[in-house]
Amino acid sequence: MLADYAVRVEDSRGRRYPEPPHPYRNDFQRDRDRVVHARAFRRLEAKTQVFTRRYSDHFRNRLTHTIEVAQISRTIAAQLGLNSDLVEALALVHDIGHPPFGHAGEKALDAAMRLHGLSFDHNLHALRIVEDFELRYASFRGLNLTFEVREGIIKHSHDYAPKDHPELAEYVLDQRPPLEAQLIDLADEIAYNTADLDDGCEAHLLTIEQIAAGVAIFDRCYGEVRALYSSAAEKLQFNETLKRVFDRLVGDLITNTKHRLKQADVYTLDDIRQHPERLAAFSVEVEQERRQFKDFLYENLYFSPALEGEKEDAERIIGELFAHWMEEPDDLPRNYREKSVQEPLPRVICDYIAGMTDPFIYQQYEKYCGE
Ligand code: MG
């Protein structure tokens, strides 16, 4: 069933702390289960994806987004003959390092760290969560995930330069990640582009006409749908259109990745790792449409005046709380105070804030920075 270039669980480079095999779950299935049972995973439910619950209860949060990415990734993995257990574990863990308040929170936390000559990166933070912060086992810290899952956390969306990250040397940064990890970033984007159109319409921040005028792939599908279902309610026409957009993106990614593998003469996992570029990719035409789609969302949704207030809140709350704990480290919980003996205080504060849910950080803000 698995393609020759798929990751095989029996060839895994294993865990940091060797463990006896499980009687009926393989190592990637166990990693998937460890992620699902992690506290940081449960907190995704109360972290903003794009919209807070201010507008509606139907919006994606980081947990439902994560489930959507897992679903899309599994479909693509099956079509490409990839290891779907590894893909599922990688999809479920891909956003575990995100701070509260979505991308605004990530930016604000990074800005607060830069005041102290440091930075925040959600992939690196995710690695800290699974390696250190999750405490579930008596004999080691962290989740003791397999090499392939930790490597995928670091490499799924980003190429870190080996010279800038000597601490990541074990993840062979000069090699491409397996296809199982490469497809996560693309499935992530398919999930949030389509979901954000849906949620943006539901929030009345976008109109169908505006989307059709700005997103070519949507416009084409919308034309087909209107010809087929001219008397259907507008919302159903919209849903039908979104479904077609979704299928086109997923279908193109599968077909084009197969095509690229064939063209590149790639047969083994080692070929994938040694290839000069990532092989999971959309076709040139769909890649252009994807970019236009993303630009549209940036211009009309993410940077829309309607979301400005929430972004400013995120910056203010994270900035002020960070500064408060820098001044008054005794207000941090005891386990974080203890950590600041071994690590710089800004890093400890950053770790604490990054783990918070939206409601919890609001509560902390009231407590320490409220009027
Ligand atoms: Mg994501």
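Since we're looking at a predicted model, the values are computed, not measured.
A donor-acceptor pair is defined here as one N or O able to donate and one able to accept, closer than 3.5 Å; no such pair exists between the side chain of Arg176 and the backbone of Gln182.
With sequence neighbours excluded, the residues satisfying side chain to side chain donor-acceptor pair (under 3.5 Å) with Arg291 are Glu287. Partners of Tyr171 by ring pair (Phe, Tyr, Trp, His ring centres under 6.0 Å), not counting sequence neighbours, listed by chain and number: Phe147. Residues passing the salt bridge (charged side-chain N to carboxylate O under 4.0 Å, His left out) test with Asp188: none are found, sequence neighbours excluded. Every residue two or more places apart in sequence or in another chain that forms a side chain to side chain donor-acceptor pair (under 3.5 Å) with Asn144 is listed here: Glu19. Residues passing the salt bridge (charged side-chain N to carboxylate O under 4.0 Å, His left out) test with Glu338, sequence neighbours excluded: Arg334. For Tyr368, the ring pair (Phe, Tyr, Trp, His ring centres under 6.0 Å) criterion is met by His324, Trp325, not counting sequence neighbours. In terms of the side chain to side chain donor-acceptor pair (under 3.5 Å) criterion, residue partners of Tyr267 (sequence neighbours excluded) are, by chain and number, Asp265. Applying the ring pair (Phe, Tyr, Trp, His ring centres under 6.0 Å) criterion to His158, with sequence neighbours excluded, gives Tyr160. Partners of Thr194 under the side chain to side chain donor-acceptor pair (under 3.5 Å) rule, at least two apart in sequence or in another chain, do not exist in this structure.
The side-chain hydrogen bond (donor to acceptor under 3.5 Å, both in side chains) contacts involving residues 206-222 comprise Gln210-Asn300, Arg220-Glu289, where partners must be two or more places apart or lie in separate chains. Residue pairs meeting the ring-ring contact (aromatic ring centres under 6.0 Å, His included) criterion with at least one member in residues 300-320, sequence neighbours excluded, are Tyr298-Tyr302, Tyr298-Phe303.
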Under 3.5 Å, which donor-acceptor pairs do the side chains of residues 341-356 form with other protein atoms, sequence neighbours left out?
| residue | atom | partner | partner atom | Å |
| --- | --- | --- | --- | --- |
| Glu343 | OE1 | Arg128 | NH2 | 3.2 |
| Arg347 | NH1 | Ser119 | O | 3.3 |
| Arg347 | NH2 | Ser119 | O | 3.3 |
| Asp351 | OD1 | Arg128 | NE | 3.3 |
| Asp351 | OD2 | Arg128 | NH2 | 2.7 |

